[in-house]
Amino acid sequence: LANITKLNLAGATFEIMACKLPQLVGLEGTVIDEMSSLLHFADQNGTIHKVPKNGTRVLFRLATRCYVIDLKYFTGDVSNRHKKGIRLSK
């Protein structure tokens, strides 16, 4: 089993499934920076967006699988958030 919360999200591609900011729902992009409560990502046109982690669900494409994940589990510093423990089977 792998604990996905230990991952640094920079470079990950995703689609926003639900968000407090409805104008972001449906956008796809690549994470360019991760802060404790925000993700900065670039959409397909190169536009930079900020999305709050709390209240946002995304579809991540990791390797050959897709996962819908609530970003609330990714709040805080990468080194400390493993305690929240989302575990995925291989």
Side-chain angles (χ1 to χ4, degrees):
L1 294 173
N3 188 335
I4 194 168
T5 59
K6 291 182 181 180
L7 297 176
N8 182 332
L9 299 177
T13 58
F14 67 93
E15 178 181 350
I16 298 175
M17 307 300 289
C19 184
K20 289 180 180 179
L21 303 173
Q23 67 271 24
L24 297 178
V25 175
L27 285 181
E28 294 183 33
T30 302
V31 177
I32 56 172
D33 193 17
E34 180 182 2
M35 304 180 92
S36 64
S37 62
L38 288 173
L39 284 183
H40 293 95
F41 72 97
D43 66 18
Q44 292 138 335
N45 298 322
T47 304
I48 306 300
H49 301 274
K50 295 177 187 177
V51 63
K53 290 181 178 178
N54 195 13
T56 301
R57 255 183 323 155
V58 297
L59 173 71
F60 274 111
R61 293 169 185 85
L62 301 173
T64 59
R65 294 187 175 187
C66 294
Y67 302 96
V68 175
I69 297 175
D70 191 324
L71 288 180
K72 71 181 179 185
Y73 295 106
F74 286 86
T75 57
D77 185 270
V78 175
S79 62
N80 291 325
R81 69 179 179 215
H82 69 279
K83 297 172 188 170
K84 295 185 180 172
I86 298 176
R87 300 190 70 78
L88 302 173
S89 59
K90 293 182 182 179

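Note that the structure is predicted; figures quoted are calculated from it, not measured.
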**Q** If hydrophobic clusters are built from ILVMFWY residues whose side chains come within less than 4.5 Å, do L27 and M17 share one?
**A**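 As far as the 4.5 Å side-chain criterion goes, M17 and L27 are not connected within one cluster.
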**Q** In Å, rounded to the nearest 0.5 Å, how long is the span from CG of L24 to NZ of K50?
**A**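 Nearest 0.5 Å value for the CG-NZ distance: 12.0 Å.
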**Q** Under the rule for salt bridge (charged side-chain N to carboxylate O under 4.0 Å, His left out), what residues qualify as partners of E15, not counting sequence neighbours?
**A**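 R61.
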**Q** Compare every heavy atom of F41 with every heavy atom of G29, then report the nearest pair and how far apart it is.
**A**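 Closest pair (atom of G29, atom of F41, distance): CA-CD1, 3.9 Å.
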**Q** With side-chain contact (heavy atoms from CB on, under 4.5 Å) as the test, pick out the partner of R57 among I16, D70, V25.
**A**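 Exactly one candidate clears the test, D70.
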**Q** Determine the minimum heavy-atom distance between F14 and V31, stating which atoms define it.
**A**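 For F14 and V31, the tightest heavy-atom pair comes out as CE2-CG2, 3.4 Å.
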**Q** L21 and P52: which non-hydrogen atoms are nearest, and at how many Å?
**A**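 In terms of heavy atoms, the two residues are closest at CD1-CD, 3.8 Å.
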**Q** Taking side-chain contact (heavy atoms from CB on, under 4.5 Å) as the definition, give me every residue that meets it alongside A42, ordered by chain and number, with sequence neighbours left out.
**A**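 Scan of A42 (side-chain contact (heavy atoms from CB on, under 4.5 Å), adjacent residues dropped) gives I32, I48.
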**Q** The criterion is side chain to side chain donor-acceptor pair (under 3.5 Å); which residues satisfy it with D43, sequence neighbours excluded?
**A**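 D43 satisfies side chain to side chain donor-acceptor pair (under 3.5 Å) with H49 only.
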**Q** With hydrophobic residues grouped by side-chain heavy-atom distances under 4.5 Å, do Y73 and L59 end up in a single group?
**A**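 They do not share one cluster, since no chain of ILVMFWY contacts under 4.5 Å joins Y73 to L59.
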**Q** Going by side chain to side chain donor-acceptor pair (under 3.5 Å), name the pairs with one or both residues in residues 17-33, residues two or more places apart or in two chains.
**A**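 Listed once each, the pairs would be none.
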**Q** Shortest non-hydrogen contact from I69 to F74?
**A**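 Minimum heavy-atom contact is CG2-CE1, 3.4 Å.
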**Q** What is the distance from atom NZ of K53 to atom CD of E34, rounded to the nearest 0.5 Å?
**A**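 If I round to the nearest 0.5 Å, the distance is 3.5 Å.
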